[in-house]
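Hydrogens, waters and symmetry mates play no part in the numbers below; they use all other heavy atoms, side chains included. Treat the numbers as computed from the prediction; the structure is a model and nothing was measured. All residue numbers refer to positions in the sequence shown, counting from 1.
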Amino acid sequence: MTDLMIIGGGLAGSEAAFQAAQRGLKVRLYEMRPSVQTGAHQTQDLAELVCSNSLGSNLPDRASGVLKNELRVLGSRLLECAESASLPAGGALAVDRELFARLVTEQIENHPNIEIVREEQKEIPGTLSIIASGPLTSPALSISIAALSQEEHLFFFDAIAPVIHADSINMDIAFRASRYGMGEQEEGDYINCPFTREEYYAFVDALLKAERIELRSFEEAIKEGVKAGHFFEGCLPVEIIAERGVDSLAFGPMRPVGLKDPRTGKRPYAIVQLRQDNLAGSLYNLVGFQTNLKYPEQKRVLRLIPGLENAEFLRYGQMHRNTFIASPKLLRPTLQHIQRDDLFFAGQITGVEGYMGNIATGLLAGINAARLHHHEEPIRLPQTTMLGALCHYVTHADLKDFQPMKANFGILPPLESGTKIGKRERGKLYAERALGDLAFALGMTNKDETSFDHVAPSAPLQPG
Ligand SMILES: Cc1cc2nc3c(=O)[nH]c(=O)nc-3n(C[C@H](O)[C@H](O)[C@H](O)COP(=O)(O)OP(=O)(O)OC[C@H]3O[C@@H](n4cnc5c(N)ncnc54)[C@H](O)[C@@H]3O)c2cc1C
């Protein structure tokens, strides 16, 4: 008899399976590899790391380090496997990826309460389940998830436009304005970079010749236009738009309608608009400029935009396959579906980004599924913990700008201290508060007695 079905034997699904099985549930874990491939995974191991072999910082006062310490307290088995497979990497936790995946696979295969079924699961089960099928969820299952969550609540791609520092914009060339003067702010909501005819054609030429990141088989759809979030229906990289005709950008994201350059009093030939990206107004993104150019090429080509010749980039543009649900509409911070107590989501499909965050949500979903099975209330972690903050963020973010989020101090509630403190000190205080509140929430200790110095890594597992 099966108590819990888990779809996906990746980072989240493997951790979830272990946690639930340890709590006595009979778990059936569906993993479609090797019979059905994702295009990114290379092996049939569970918990295969598809790209980097780094699980982020291990330092206790960094965001990823805080998350790791929380996972140590919560008993993450995948983190133990990672520590057993670790390689020297300074302050980071990097692993021998093959050993890591082998250790996880052995743990899961040998667990008496877990049955691994090597099959693609195409439907969402009607009984207690966790969906942890990842950013490359199979198309058939995606259809089933879309049906449950309504089509518009499932996203397939990340489309990120480059973000630059405001103080690197040359305001002698760029100017503030809203189209037709219809903005919310009197001086205009956007910063506009105006092109002459010659500048525009030189820019398009450079864009077309620039080197691109090679698309993987599961990303080919990008060339035709993809759905990448609420406002990105039919979203295309700028270089692909340019390929469709030399003037297509001037009629698309670079159209100058409703704008006049105050220096000439005339409408520019084309325009790039920059939209404020943070509350402080220190960052701006290039509107509609999602791109797959290589990062050094983005820097070179985007600096040809008049006014951006010295642009400093905080983040480069990206477009890549990433299936995730509209968690702010569909999930609770316990990782349960809003309409079904017995249906959990975990991993990248929730909009939590990064290996550690995916392991962490798997852990919480596994624990909560077990609690539900045992007629206990599922846990909602304090928002001051990194895992609690991630779950809070993905379930409360503004849906219209919802993009995957990884562990960072920006999602934690601010510290109570009114005095200005340095970055490192702040990290330490966030870490202490997180572990104190976690211990308190778990009823482990008196809140005041807990400090992150007390948290030692769990004993390493023996490889093989
Ligand atoms: C190409 C790529 C590179 C990435 N690089 C990094 C990186 O360097 N660092 C980082 O921190 N994060 C990275 N990520 C993001 C993310 O952290 C990883 O994808 C991570 O593995 C996600 O964990 P997960 O458990 O949610 O999904 P996965 O680890 O992908 O696990 C999902 C599993 O579900 C299986 N599956 C899918 N559909 C079905 C089905 N219908 N039935 C049965 N099984 C199914 C898949 O085969 C897979 O094994 C990357 C993502 C991608 C796509």
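A distance-only check finds a donor-acceptor pair linking the side chain of Tyr355 to the backbone of Ser52 [under 3.5 Å]. When atom types are taken as modelled, the side chain of Ser144 and the backbone of Ile124 share a donor-acceptor pair closer than 3.5 angstrom.
Closest heavy-atom contact between Arg332 and Arg340: NH2-C, 3.9 Å.
Atom CG in Leu79 sits 8.0 Å away from atom CG in Leu55 (nearest 0.5 Å). The structure places NZ of Lys329 at 6.5 Å from CG of Leu399, a figure rounded to the nearest 0.5 Å. Rounding to the nearest 0.5 angstrom, the gap separating the CZ atom in Arg303 from the CD1 atom in Ile164 is 10.0 Å. Interatomic distance, Asp342 CG to Thr127 OG1, rounded to the nearest 0.5 Å: 7.0 Å.
Of the charged side-chain nitrogens involved, at least one lies within less than 4.0 Å of a carboxylate oxygen, so that Lys428 and Glu432 count as a salt-bridged pair. Between Arg371 and Glu376, at least one side-chain nitrogen of the basic residue sits less than 4.0 Å from a carboxylate oxygen of the acidic one, meeting the salt-bridge criterion. With respect to the salt-bridge test (charged N to carboxylate O, under 4.0 angstrom), the residues Arg33 and Glu48 qualify.
When side chains are defined from C-beta on, Glu70 counts as touching Val66, because their heavy atoms get closer than 4.5 Å.
Below 30°, between 30° and 60°, or above 60°: for His111 and Phe18 the angle between ring planes is above 60°, a perpendicular geometry. Classified by interplanar angle (parallel below 30°, tilted 30° to 60°, perpendicular above 60°), the ring pair Tyr295/Tyr316 is parallel.
Legend: side chain to side chain donor-acceptor pair (under 3.5 Å) pairs involving residues 128-138, not counting sequence neighbours, sorted by first then second residue: Glu120-Ser138, Ser133-Thr137.
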